[in-house]
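The structure appears right after this line, and notes come after that.
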Amino acid sequence: MTAVYDNKALSRFELEAEGGVAFAKYRLAPGMVVITHTEVPRELRGRGIASTLVKGALTLIRAEGLKVAARCEFVAAYLDKHPEEANRVE
């Protein structure tokens with residue numbers, strides 16, 4: 001697995017894993033990043049890749065001094081399980 005990166009041209013955070021690409025689509029709003037959809041290739045599901053993707057995306061967002069608005073069920077569930085990330089949520 002590689003590191004999570006921000007593919008600004010496609011407005012999504014990406015993580016390459018085992019020949020596939022998992023991604024979290026987003027849109028920008030004043031002072032925040034709104035994550036709208038997370039997707040992992042079917043053959044890679046159930047391996048924690050989506051959690052790794054979201055954690056990496058949150059780290060990148062924090063480095064930019066922005067907050068997160070979770071409009072994706074997976075991201076919302078991740079944040080519920082990781083309250084230490086709550087300081088970055090809108």
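Quantities reported herein were computed from a predicted structural model and do not represent experimental measurements.
Atom OG1 of T36 and atom CZ of R71 lie 10.5 Å apart (nearest 0.5 Å). One distance of note links CG of L60 with CG of L66; it measures 11.0 Å at 0.5 Å rounding. Atom CG in D6 sits 3.5 Å away from atom OH in Y26 (nearest 0.5 Å).
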Kindly determine whether V54 and L79 satisfy side chain to side chain contact (heavy atoms under 4.5 Å, CB included), including the steps that lead there. CA-CA 9 Å; V54 171; L79 291 168; 5.8 Å; no
Let's go through H37 and F74 carefully: what are the C-alpha distance in whole Å and the side-chain angles of both, what is the deciding distance for side chain to side chain contact (heavy atoms under 4.5 Å, CB included) to 0.1 Å, and is it a yes or a no? CA-CA 8 Å; H37 176 73; F74 183 84; over 6 Å; no
Applying side chain to side chain contact (heavy atoms under 4.5 Å, CB included) to K55 and H82, what does each step give before you reach the verdict? CA-CA 10 Å; K55 183 176 182 174; H82 299 275; over 6 Å; no
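In this structure a side-chain-to-backbone donor-acceptor pair under 3.5 Å is missing from R12 to N7. Checked by atom type and distance alone, the side chain of K25 pairs as donor or acceptor with a backbone atom of L10 at under 3.5 Å.
When all heavy atoms are compared, the tightest approach of A57 to V4 is N-CG1, 3.8 Å.
The hydrophobic clustering, which links ILVMFWY residues whose side-chain heavy atoms are closer than 4.5 Å, places F23 and F13 apart. Cluster annotation: I61 is connected to L53 through the hydrophobic network of ILVMFWY side chains, with a link wherever side-chain heavy atoms come within less than 4.5 Å. V68 and Y5 fall into different hydrophobic clusters, defined by Ile, Leu, Val, Met, Phe, Trp and Tyr side-chain heavy atoms under 4.5 Å apart, directly or through other members.
Among V34, V33, I35, the one residue that satisfies the side chain to side chain contact (heavy atoms under 4.5 Å, CB included) test with R27 is V34.
When the side-chain hydrogen bond (donor to acceptor under 3.5 Å, both in side chains) test is applied to K81, no partner is found at least two apart in sequence or on another chain.
Sparse packing is recorded around CD of E73, with 12 or fewer heavy atoms of other residues, nucleotides or ligands lying under 6.0 Å away.
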